[in-house]
Every structure is written in C-alpha cells, then in structure tokens.
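Reading through the structure tokens given below for one structure.
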Amino acid sequence: MQLLFLRLRQAFTVFSLSFAMLITTGCEDEDHDHDHDDHTDADGFILEDESGTEIYREFKGVITGNVTLSMDDTLKLAVHFLDNEGDEIEHEDDEEEHEEGGIEVSGFDYAIANVEVEHEEDSDDHDHDHDHEEEHGAALHIIGRSPGVTGFKLQLMHDGHADYTSTNDVAVVVTL
C-alpha cells in the first residue's frame, strides 16, 4: 500500500511540475503578448513651451537645451516621448491608458522650484477647436520659487511601473 501511495505521489509531482512549466513557457508565445503591446518603448523625450518651441531634449542619454525661468514665474511645458529614431511617439487615444499611468516627476527641491504634472482634468482649456492630441498630451507646470538650481526625474508610468525613466535629472535654473 505504501508503495502505491509513493508511486501516486511521484506521478502527481511530475504532472504538477510539467503543468507549471507549460504555463510558464506558454506566455512566451506570440499569441500571448497582450500586456507587452501597451508599453511605450521610449528612448528619450522633449519639452516644448506653449509656442511649440523645443527647450529641452534628452535622447539616449544626451541632453540639449535647458529649463530656465524667473522666480515667481510659471512655465508650462508639453512632454513628448521619442522612439529609438528620435521621432515623437504618437499618442494613442486609449482612455484606459490614462487611468493606468501617466507621467510622474520626483526629486526636485520645492524651495527652488515646484514641478507639477498637469492632468487632463486639471486643464482649464477644454475648447474642442484645439488639436485633440494636444489636449490629451502630457504637460508640466514648473513654478520658480527662489533663485537656485534643482532637478527632477521624469518617468512615464504604466500599470504601476515605469515604461521610461529619464537618464539624467532635468536641471531647472531659477533666476531673479
């Protein structure tokens, strides 16, 4: 009787391990990469002022431009992420994507500058004559509080993790 029980136990163990391996490797099939399609594969970003002028770019770790503002001024910047060729990644109009992610900033010195993420519902401008992509794009508000230099880390979030994190801190210079 013990021998039969031992054989059944071994068979169950082999079956369980085989089943676990099938489940684990099964998600590698092309038909199962549903979660991977929602991720943004960015290699950089640009920050544009309200006139559409690029003032800062980080692409594959290389920085051009700078963010400078006067104390008590507010700078509104649009954020556009770049693909591996340096071209802007087109924003998809997927409402669920907005609910699950967005951009986040961290690491700035609030005494020098406050960096805020503008969410779609924060925007006072819901004029339907505007370009739809512009209305749903990511934006930052940087408020100069006192003279000095600070920086912030920019992240593109999705489902609780960062699809992209800036390689360098974005330096912010606040002047008198």
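All values reported here derive from a predicted model rather than from experimental measurement. We use all heavy atoms of the structure for the numbers below, so side chains are in, but hydrogens, waters and symmetry mates are not.
Remark: side-chain polar atoms of T40 are not paired, donor with acceptor, to backbone N or O of D163 under 3.5 angstrom. A distance-only check finds no donor-acceptor pair linking the side chain of D169 to the backbone of A171 [under 3.5 Å].
In terms of heavy-atom proximity, F59 sits nearest to N84 at CZ-O, 3.5 Å. Closest of all the heavy-atom pairs between G61 and N168 is O-ND2, 3.1 Å. For the residue pair V172 and L69, the shortest heavy atom distance occurs at CG1-CD2, 3.8 Å. Looking at every heavy atom in both residues, A139 comes nearest to K76 through CB-CE, 4.3 Å.
By the 4.5 Å heavy-atom criterion applied to side chains, T165 and K153 are counted as neighbours. Within the 4.5 Å cutoff, no side-chain heavy atoms of Y56 are placed close to those of I46.
Aromatic ring pairs are classed by plane angle as parallel below 30°, tilted from 30° to 60° and perpendicular above 60°; the pair Y110 and F108 is tilted.
Taking the side chain to side chain contact (heavy atoms under 4.5 Å, CB included) definition, one finds that N66 meets it with T68, sequence neighbours left out. By the ring-ring contact (aromatic ring centres under 6.0 Å, His included) test, F81 is found to be paired with Y164, residues two or more places apart in sequence or in another chain being considered. The side chain to side chain contact (heavy atoms under 4.5 Å, CB included) search around D49 returns S51, T53, I55, L77, not counting sequence neighbours.
Neither side chain, S166 nor E58, offers a donor N or O lying under 3.5 Å from an acceptor on the other.
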